[in-house]
Amino acid sequence: MRNYIYNPKDNGTIDKKPQELLLSKIVNITFIVVILFCGFVLYLYSTYNSAIIEGQSMWPTLNSSSYNATGSSYENYINDIAYYTTFKDKNKNDIVIVDYEHSGIRDIDAIKRLIATGGDKIYYYMGHIYINNKIADESYLNDGYNYIAKKYGTNTADEWKQNSYNVGKSNFESWCKRLLNGEEMTFQTEFFKNYNTKYSGCVKFDEVLNAYTLTLPKNFVYVLGDNRAHSYDSSSFGPIESKYVLAKVDYVVYDNLNLVEYFWSQLLRKIGLVKA
């Protein structure tokens, strides 16, 4: 049956019925939405890979079924899922995937925070990490501090923050001191293996600051876990080559959702259909 009215008096003009016009528009819009959705899903899955969070080195920024920051109690989290991409630049303060295995550290890939890059001067002083003689911007730790303060109390949050600094500083100064004293290092990273021939001027003791300093060589990075009192990172084994920073983490998904479900839930929250 024809979906138009032909009126000879209108010189052969063909007019679609209003209901047919509406149906046609709905079909076209639905088709476009489906195509865009399929394209978006294809983009996500071709751009991002996933990694299940294990361990406590990034707690509470990233959660897993592990001991909490105090090391005294067990929290049965559902492991977060980190979605990472190799197609984006890795910048300071980004969460990144690091290839520990080929950098000579451990037989794993690790997830850490990128703190400093080649040419940066880093040291621990008066309760803070300094980069290029300025206190490092570590505002990303505020959410973790506030979470701990709300759940365990301000004293516990203060202890978490102070212990993170103290442990990192102690580890950092330990290997700096050993390098300057000419002691043999057991680490098999490029930095330590070739320190005497290539990087001997990178570590110094600043008499004014009364602190050890590290100037990162070109193409090296310094990475830390947010839960620094319980993290095996550059404070323990020094800088690693930037080529071992494999990917940038763009999204962290909670509640066992996949990435499409995550974006869908975020959309529903934004339009007010689901409470945050």
Between [X] and [Y], is there a side-chain N and carboxylate O pair less than 4.0 Å apart?
X    : Y    : value
K177 : E183 : no
D233 : K112 : no
R178 : E173 : no

Are the side chains of [X] and [Y] in touch, meaning some heavy atoms are under 4.5 Å apart?
X    : Y    : value
V96  : L246 : no
T213 : F205 : no
V221 : V223 : yes
I111 : E54  : no
V33  : L36  : no
V167 : R228 : no
I105 : I240 : yes
C202 : L214 : yes

Rounded to the nearest 0.5 Å, what separation is found between the [atom1] atom of [X] and the [atom2] atom of [Y]?
X    : Y    : atom1 : atom2 : value
I129 : L224 : CD1   : CG    : 5.0 Å
Q188 : S103 : CD    : OG    : 11.5 Å
K134 : H128 : NZ    : NE2   : 15.5 Å
K161 : N166 : NZ    : CG    : 12.5 Å
K243 : N219 : NZ    : CG    : 9.5 Å
I148 : K150 : CD1   : NZ    : 13.5 Å

Heavy atoms of other groups near K204 NZ, more than 12 under 6.0 Å =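 Check fails, neighbour count at 12 or below.
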
If we count only N and O atoms by modelled type, under 3.5 Å, do the side chains of [X] and [Y] hold a donor and an acceptor together?
X    : Y    : result
T61  : D226 : yes
Q162 : D158 : no
N155 : E159 : no
D99  : H102 : yes

Let me see the working for D137 and N93 under side-chain contact (heavy atoms from CB on, under 4.5 Å), right down to the final yes or no.
-> CA-CA 8 Å; D137 176 14; N93 295 347; 4.3 Å; yes

Membership question, hydrophobic clusters at under 4.5 Å side-chain separation (ILVMFWY): are [Y] and [X] in the same one?
X    : Y    : answer
I122 : Y232 : yes
I108 : Y244 : no
Y165 : Y140 : yes
I135 : Y125 : yes
Y84  : V252 : yes

Is there a salt bridge (Lys or Arg N to Asp or Glu O under 4.0 Å) between K88 and D94 once you walk through the steps?
-> CA-CA 11 Å; K88 294 186 178 182; D94 285 345; over 6 Å; no

Any chance the rings of [X] and [Y] have centres within less than 6.0 Å?
X    : Y    : answer
Y212 : Y123 : no
Y48  : Y251 : yes
W175 : F192 : yes

Are the side chain of D120 and the backbone N or O of T117 linked by a donor-acceptor pair below 3.5 Å?
-> yes

Quick check: does any side chain N or O of D80 sit under 3.5 Å from a backbone N or O of N63, one acting as donor and the other as acceptor?
-> yes

Do I115 and I131 pass the side-chain contact (heavy atoms from CB on, under 4.5 Å) test, and can you show the C-alpha distance, the side-chain angles, and the key distance before you say yes or no?
-> CA-CA 9 Å; I115 301 299; I131 298 177; 3.8 Å; yes

Could you check Y100 against F237 for ring pair (Phe, Tyr, Trp, His ring centres under 6.0 Å), going step by step and ending with a plain yes or no?
-> CA-CA 11 Å; Y100 272 17; F237 52 71; 5.3 Å; yes

Describe, in one word, how the ring planes of F172 and Y124 are oriented to each other, choosing from parallel (under 30°), tilted (30 to 60°) and perpendicular (over 60°).
->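 The rings of F172 and Y124 sit tilted, inter-plane angle from 30° to 60°.
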
Could you give me the CA-CA distance, side-chain angles and deciding distance for I29 and I32, then say whether side-chain contact (heavy atoms from CB on, under 4.5 Å) is met?
-> CA-CA 5 Å; I29 292 173; I32 292 172; 5.6 Å; no

Which pair of non-hydrogen atoms, one from [X] and one from [Y], has the smallest distance, and what is that distance?
X    : Y    : result
N171 : S236 : ND2-OG, 3.5 Å
S235 : G168 : CB-O, 3.7 Å
P239 : T189 : O-OG1, 4.5 Å

Could you please spell out the steps behind the salt bridge (Lys or Arg N to Asp or Glu O under 4.0 Å) verdict for E190 and K198?
-> CA-CA 10 Å; E190 173 74 15; K198 292 183 179 180; 3.7 Å; yes

Residue pair N227, W160: steps toward the side-chain contact (heavy atoms from CB on, under 4.5 Å) verdict = CA-CA 8 Å; N227 189 17; W160 173 76; 3.0 Å; yes

Dump the intermediate steps for side chain to side chain donor-acceptor pair (under 3.5 Å) on D250 and T85, then the final yes or no.
-> CA-CA 7 Å; D250 260 351; T85 177; 5.9 Å; no

Test Y199 against F220 for ring pair (Phe, Tyr, Trp, His ring centres under 6.0 Å), laying out the working first.
-> CA-CA 11 Å; Y199 312 118; F220 277 77; 5.3 Å; yes

